[in-house]
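Each remark here refers to the structure printed beneath this line.
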Amino acid sequence: MKPIVLNLCHTVVKTLFVILLFTTLTMKGQTGTLPIVYINTQNNMPILTRTKYVSGTYYIVDKQNPDFNVGSAASPHALEIRGRGHSSWRSVKKPYKIKLGEKTPLLGMNKHKHWALLKFYEPTIAGMQLGRIMDLGWTPSTRPVEVVLNGDYLGLYLLTETNRISNNRLDIYEQPNWNEDANTIPYGWLVEVDNYVENNQISIKENNSWNLRITYHSPDSLSSAQRQWLLSEFKEINTAIYDEDKPNSTWEQMIDVNAMARYFIIQEVLDNSDGFHGSFYLHKDRSSEARWVAGPLWDLSCNQRAKTDYTFKMKTSYGFTPHWIGELIKDDSFCNAVRTAWTEFYPDKVQSWMDYIDEHLLPCYDAFEQEKTMWNYTNRDPMDERVKKLKSALIANIEWFNEHLPVASYSGNIDIAVTKEVIKVEYINLAGMSRPRPWNGVNIVITTYEDGSTSTAKVLMTE
């Protein structure tokens, strides 16, 4: 029996050696080519839920930019951490929400307490930058990082600013929770058109096929007066958007048409099916002319498929309810705003966007090699190849969209007018004021012809 035992032991040792060698070659842990976020929970407590924070500490080591280091292993800073997300939380690799003990500027981003660690995803970095290029307003910043949790290397994440009303984030007026003041209730909101059922949510009938869910993030606890106002507000907006008389619909009195047009462009260029489906944020500041503004951006993706139509009309692998956009694209003022915003982006700003993608994604090469091995990616392409494919898809989307800029006639609702002599043109703004020359903003244009007939159109004019 001795030779058999010895041979068996030799086999076991050899097998263990091969396993250890394979682990050394493929699971080296953090590369240090990106900033490393070290997090330790109290007593190494696991993070099991999206609702309960776990206390802990953190420090950040950035070998490429030591000025961005925060704390140290000997002197870490306090934080709390919990899970976050919906479908992403069900994944093997978990995303996290972190709340720092004190406001801190992380990796060159503005100081704040609230941050997220999201799954590393190239379109997120590309899309957030497109939001800034398109002048959508405040857009969350994000940085690729490596994460070590309780001594375990978790791979590559995106350290990301979260959508919140505050001085260093979405800098607008924020009304308080449980507000009963009718004069301030219409202002200071951050809401999300959501595809999940939440407790902090209202729901209205959008059309004959589906409901519209509005999750309120700020304020997040409503008085009965706040809830009733929010319900009435979105019922009125929805009715105006679905008004069949598009030239005379009033949705632009409640929603910023220019911001919505820029939001639409971003979703189309990315081919992001969630753009008008979920994670579709809207906010409203406090002023005499305050309207709902599209943004900030969140949860961006890129299908990287052959684009054959507007994204909201193309099929997806899941149930897809594109809220509002099918109606907005029938409206002259919306289509004109899209075309105006497009000329600001195309073609002059395309190359700088592509350069940004290279600059911020290619340095992730080494860390992504570890990421693929650790989380068993089926797509084994290296980062440079993935970036190349992403950029090719985006360029193809840009060129398709440039050839298919929306016009209201796309919906088939525009009549072809017979040429007649014009004897009078009148411009009416959204306040109902009339004059013979255009107003800055949305105009109702009434044209009177020699035979006494008139035509009406709604157009966006800029000074």
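Because the structure is predicted, anything quoted here is derived from the model rather than measured.
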*Test Thr160 against every option in Ile125, Leu118, Leu117 by the side-chain contact (heavy atoms from CB on, under 4.5 Å) rule and name the one that passes.*
Leu118
*Indicate yes or no: does Arg291 engage Asp285 in a salt bridge with an N to O separation below 4.0 Å.*
no
*Could you tell me which residues satisfy side chain to side chain donor-acceptor pair (under 3.5 Å) with Ser232, sequence neighbours excluded, listed by chain and number?*
Gln228
*State whether Tyr53 and Lys97 meet the cation-pi test: NZ (Lys) or CZ (Arg) under 6.0 Å from the six-membered ring centroid, and within 45° of the perpendicular axis.*
no
*Could you give all pairs that pass the salt bridge (charged side-chain N to carboxylate O under 4.0 Å, His left out) test and reach residues 106-128, with sequence neighbours left out?*
Glu122-Arg386
*State, yes or no, whether a side-chain contact exists between Thr184 and Asn179 at a heavy-atom distance under 4.5 Å.*
yes
*Answer yes or no: is there a side-chain heavy-atom contact under 4.5 Å between Glu268 and Lys307?*
yes
*With the side chain counted from C-beta on, respond yes when Thr139 and Met128 share a heavy-atom pair under 4.5 Å apart, and no when they do not.*
yes
*Can Gln175 and Gln226 be counted as having a side-chain donor-acceptor contact under 3.5 angstrom?*
yes
*Could you tell me whether the side chain of Leu107 reaches within less than 4.5 Å of the side chain of Pro35, counting heavy atoms only?*
yes
*Pair Arg305 + Asp271: basic N to acidic O under 4.0 Å*: yes
_Residues that Tyr242 engages under ring pair (Phe, Tyr, Trp, His ring centres under 6.0 Å), provided they are two or more places apart_ = none
*Applying the side-chain contact (heavy atoms from CB on, under 4.5 Å) test to Val293, which of Ile172, Leu170, Asp256, Leu136 qualifies?*
Asp256
*asked:* Restricting to ring pair (Phe, Tyr, Trp, His ring centres under 6.0 Å), what partner residues turn up for Phe401, sequence neighbours left out?
replied: Phe264, Trp342
*side chain to side chain contact (heavy atoms under 4.5 Å, CB included) against Glu233, all qualifying residues, sequence neighbours excluded*: Trp229, Ile237, Lys284, Trp292
*Hey, are Asp331 and Ser333 close enough side-chain-wise for a donor-acceptor pair under 3.5 Å?*
yes
*For Asp299, all residues meeting side chain to side chain contact (heavy atoms under 4.5 Å, CB included), sequence neighbours excluded*: Asp274, Ser279
*Compute both the distance and the angle, then confirm whether Lys99 meets the cation-pi test with Trp115: under 6.0 Å from the six-membered ring centre, within 45 degrees of the axis.*
no
*is_close_aromatic(His77, Tyr58), centroid dist under 6.0 Å*: yes
*Before accepting this row, confirm whether a basic side-chain N of the pair Glu344/Arg262 lies closer than 4.0 Å to the acidic partner's carboxylate O.*
yes
*Are His404 and Tyr310 close enough that their ring centers fall under 6.0 Å?*
no
*asked:* Quick check for you: to the nearest 0.5 Å, what is the distance between Asn110 atom CG and Ser141 atom OG?
replied: 7.5 Å
